[in-house]
Number of protein chains: 2
Amino acid sequence: MSEDVFKALADPTRRTILDELAERDGQSLFEICSRLAMKHELALTRQAVSQHLAVLETAGLVVSRREGRYKFHDLDTQPLEQIVTRWLRPHPPESTP
Amino acid sequence: MSEDVFKALADPTRRTILDELAERDGQSLFEICSRLAMKHELALTRQAVSQHLAVLETAGLVVSRREGRYKFHDLDTQPLEQIVTRWLRPHPPESTP
DNA sequence: ACCATAGGCAAGTCGTCACTTGCCTATCAA
DNA sequence: TTGATAGGCAAGTGACGACTTGCCTATGGT
């Protein structure tokens with residue numbers, strides 16, 4: 001489970017998507033595509049971004065809601081709050097996946 | 001720079017190495033190999049672990065000191081403390097590498 | 001001096017991941 | 001109903017990453 005969070009955070013494009021969702025929640029796929037192209041000079045295909053969002057959703061970092069033909073995406077920071085404290089103080093080690 | 005931290009944390013074996021160093025600082029390469037084999041059933045080559053340690057050192061998560069023919073490794077949690085707070089509250093976005 | 005120990009370097013293999021291309025479905029507006 | 005918009009599915013490609021194998025250097029004990 002936290003395995004998916006680390007994998008999701010490993011890609012710089014996905015971290016930029018999280019940045020964008022942190023700045024404005026509830027963006028659609030095309031909105032995110034535009035933002036990446038405009039603000040970050042990331043010329044990605046719609047499918048590429050869609051796959052990134054799927055990874056982020058699997059990790060629980062993004063939740064999505066469908067409205068009509070639009071699908072809006074929201075950031076969820078909850079999975080982030082536990083993963084790093086693992087090494088910050090003496091902690092029971094987690095079984096590796 | 002924080003790019004390297006995320007990449008280093010992406011691998012489950014490297015996270016286990018961090019667990020071991022969190023439990024006992026200053027282990028040599030062979031000690032870490034033994035620990036991974038004994039406690040975590042990870043039968044890795046010495047070179048594999050060595051390469052993992054190199055990645056962790058590049059990320060700044062591990063610092064090493066040479067003494068004679070031994071090389072001891074210590075955990076440094078400092079790079080961990082900034083990376084996640086990036087999304088926890090409204091934050092100036094970082095330029096992507 | 002010898003040999004075992006601790007570690008490093010470099011090339012090669014194999015799997016996974018990011019990304020694309022092509023086609024298909026669904027919703028809304030005219 | 002037609003067409004444009006928003007999104008999904010699946011197979012293919014190319015690159016990077018984890019790991020191994022083989023050989024080489026250096027330190028220390030006897």
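Protein chains get the first letters and strands the later ones, always in sequence-line order, with residue 1 at the start of each. As the structure is a prediction and not an experimental result, all values here were calculated from the model.
- For H52(B), a side-chain nitrogen or oxygen approaches OP1 or OP2 of dC19(D) to under 4.0 Å.
- Applying a 4.0 Å cut-off to non-hydrogen atoms, the residues of residues 62-71 of chain B that approach DNA chain C are R66(B), R69(B), Y70(B), K71(B), listed by residue number.
- Between E57(B) atom CD and dG8(C) atom C1' there is a gap of 13 Å when expressed in whole angstrom units.
- Here dC17(C) presents its P atom at 11 Å from CG of D11(B), a figure rounded to the nearest Å.
- Taking atom NE2 on H73(B) and atom P on dA6(C), their separation rounds to 13 Å, with Å as the unit.
- Rounded to an integer number of Å, the gap from Q27(B) CD to dG7(C) C1' is 16 Å.
- Using a cutoff of 4.0 Å between basic side-chain nitrogens and carboxylate oxygens, E20(A) and R15(A) are not scored as salt-bridged.
- Residues R46(A) and R14(A) each lie close to DNA chain C; by heavy-atom proximity, the contact nearer the 5' end of the strand is made by R14(A).
- Phosphate contact (OP1/OP2 of dG8(C), side-chain N/O of S50(B), threshold under 4.0 Å): present.
- T45(A) has no side-chain polar atom (N or O) that falls below the 4.0 Å cut-off from OP1 or OP2 of dC19(C).
- Looking at which nucleotide of DNA chain C each of L44(A) and Q47(B) is closest to, the 5′-most match is held by Q47(B).
- Between E3(A) atom CD and dT16(C) atom P the separation is 13 Å, expressed in whole Å.
- In this model, the phosphate group of dA6(C) is not approached by any side-chain N or O of S28(B) to a distance below 4.0 Å at OP1 or OP2.
- Protein atom CG of D4(B) is 14 Å distant from nucleotide atom C1' of dG17(D), rounded to whole Å.
- Donor-acceptor pairing under 3.5 Å, judged by distance alone, is absent between the side chain of Q51(A) and the base of dG8(D).
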